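Written below as structure tokens is the structure these notes are about.
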Amino acid sequence: MSQTPKIQLIDVHKSFGAKTVLDGITVDIAPSESFVIIGGSGTGKSVTLKCILGLMRPEQGRILVDGLDVVGMRPREREEVLRKFGMLFQGAALFDSLKVWENVAFGLIQGHKMERRKAKDKAVEKLYAVGLGADVGELYPAELSGGMQKRVGLARAIATEPEIIFFDEPTTGLDPIMADVINDLIVKCVKELGATAVSITHDMHSARKISDRMAMLHRGRLVWVGRTAEVDQSDNPFVDQFIHGRAEGPIKMELRR
Amino acid sequence: MNFLAPIGAFFLSFLRHTGRLINFCGIALSHCVRPPIYPRLILRQMIEIGYFSLPVVGLTAIFTGMVLALQSHTGFARFSAEGAVATVVVISITRELGPVLAGLMVAGRIGAAMAAEIGTMRVTEQVDALVTLATNPFKYLVAPRIIAGFITLPMLVLVADIIGVFGGFVVGAYKLGYNPATYLHSTWEYLKPLDVISGLVKASVFGFIIALMGCYHGYHSKGGAQGVGQATTNAVVSSSILILTLNYVLTALFFDK
Ligand SMILES: Nc1ncnc2c1ncn2[C@@H]1O[C@H](COP(=O)(O)OP(=O)(O)OP(=O)(O)O)[C@@H](O)[C@H]1O
Ligand SMILES: [Mg+2]
């Protein structure tokens, strides 16, 4: 192995009550790599990201960020580790008591102690990058459409130019053109800022465009991990069914029990 | 034997909740005394708790003072002790009714609002978003509210004391026909500093309890709108009960010699 992986999951297990969601996830994600997780709805993709961020605690297994075990870390140390991260939540999770620009600038002001005026300029710049004007910055999140909220969430995730960025379904709810703008933005974050990106998506077009490697999550396990270029020749029935969107195959939907 | 099971389950859940509350309280207090502190956020909460509660608390206080004068006048007339009305009004208000009634009013107004706001932030993942932006929710959400509750409620109660005594004076002087100068004189004459101070100390404790219960129930709410509603109810009920209980304990500590 040439260099230490940026993120390393070793046999991670997570369950809610009797329901097992993650059943032994093991994967290495290299620095400056764009990694995409695909998989059916409710298979635990969002839970995986939350475990890495420490928002949920896995019952078993180790999670290393830059070689440092983050499971059960003390709050103060975790805060230091979290400074490296940016996260776009599936539901955007904007602070509804703050204006849009304050949302985007939040990490800069609170986490990096930047002064408000400078942070605002930076926030406006990031809003432009996701296709929103400075006037949107003065609105409150409740006044935005779903797709606009998603883009503000994206701007907030990249505002501090973090080393590691998680995107939970960055293009859902966007029109195809805007979705492609966002894809380009994610690629740019990885290429220009050298960030490590982990994205979750159901949109195969987007997945192919933004990822270097992909993994498929099914029943709490990664059933396939490989380079994006090889996804069509994976010979994996799960992957084949998923990327072609077929109802018939080894993945059984609950309703067809 | 089956009827014992619910009792045991109730007892266990009671212990679990108490432990969780004590733990929450400990973490919250440690964040209240450790820098960084956010003066802007504390000020915003103080305005919310103090200034915007003034009408409600003022109305409560003035009518309480009025009714107190009326009741003690008619009651004391039975053994010709009408001279004690002014003293009874001022002592009852400063020692008991000011802090308790203001506490209960603020619990309904502010405790509920805190639980609803933090609860909504919890269920819409805004609390998680805060964590990923390297900001501790205890530091940013809980500590400012607790500090503000602790220092604002005494101020509010001092105002309520004055308004309540004034209400008693108005009824005494203009309805019951006491000489205004004599009434005011006997208001002052028997009032001891401890009467007022004990009331203000109670107010501080109640302010702390209201903010603590609002934050605690909001922070631990789960589910959607229903969970937030439940958290709001729990916050108001538990802080009201704690206010009444602690009121007795504090009274005993101050005056039971
Ligand atoms: N806080 C929680 N409490 C209990 N169960 C949970 C919780 N969060 C997630 N789950 C369960 O974990 C499973 C995986 O959830 P997760 O949100 O990771 O799905 P997902 O793969 O992101 O799906 P989608 O593509 O629809 O977003 C779901 O079945 C869900 O019921
Ligand atoms: Mg998800």
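The chains referred to below are lettered A, B, ... by the order of the sequence lines, with proteins before strands, and numbering in each begins at 1. These numbers come from a predicted model, not from an experiment.
Ring pair B:Phe138/B:Phe24: centre-to-centre distance below 6.0 Å.
Note on B:Arg145 versus B:Glu48: no salt bridge recorded, every NZ/NE/NH1/NH2 to OD/OE distance being 4.0 Å or above. A salt bridge is absent between A:Asp28 and A:Lys6; no separation between the charged side-chain nitrogens and carboxylate oxygens falls under 4.0 Å.
If you measure heavy-atom distances from A:Phe106 to chain B, the contacts under 4.5 Å come from the side chain alone. With a 4.5 angstrom heavy-atom cutoff, A:Leu98 touches chain B only via side-chain atoms. Heavy atoms closer than 4.5 Å to chain B are found in the side chain of A:Arg76, but not in its backbone. Contacts of B:Tyr38 with chain A are made by side-chain atoms alone, with heavy-atom separations under 4.5 Å and no backbone atom involved. Contacts of B:Thr132 with chain A are made by both backbone and side-chain atoms, with heavy-atom separations under 4.5 Å. Only the backbone of A:Leu94 comes within less than 4.5 Å of a heavy atom of chain B; no side-chain atom from C-beta onward does.
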Item checked: B:Arg109 and B:Ser53: CA distance, side-chain angles, deciding distance, side chain to side chain donor-acceptor pair (under 3.5 Å) verdict -> CA-CA 8 Å; B:Arg109 227 186 76 83; B:Ser53 299; 3.0 Å; yes
Check: When you look at B:His217 and B:Ser238, which way does the side chain to side chain donor-acceptor pair (under 3.5 Å) test go after all the steps?
Finding: CA-CA 10 Å; B:His217 287 287; B:Ser238 58; 3.3 Å; yes
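A side-chain donor-acceptor contact under 3.5 Å links B:Ser204 to the backbone of B:Phe150.
When A:Thr160, A:Leu53, A:Asp96 are compared by the number of non-hydrogen pairs under 4.5 Å with chain B, A:Asp96 comes out ahead.
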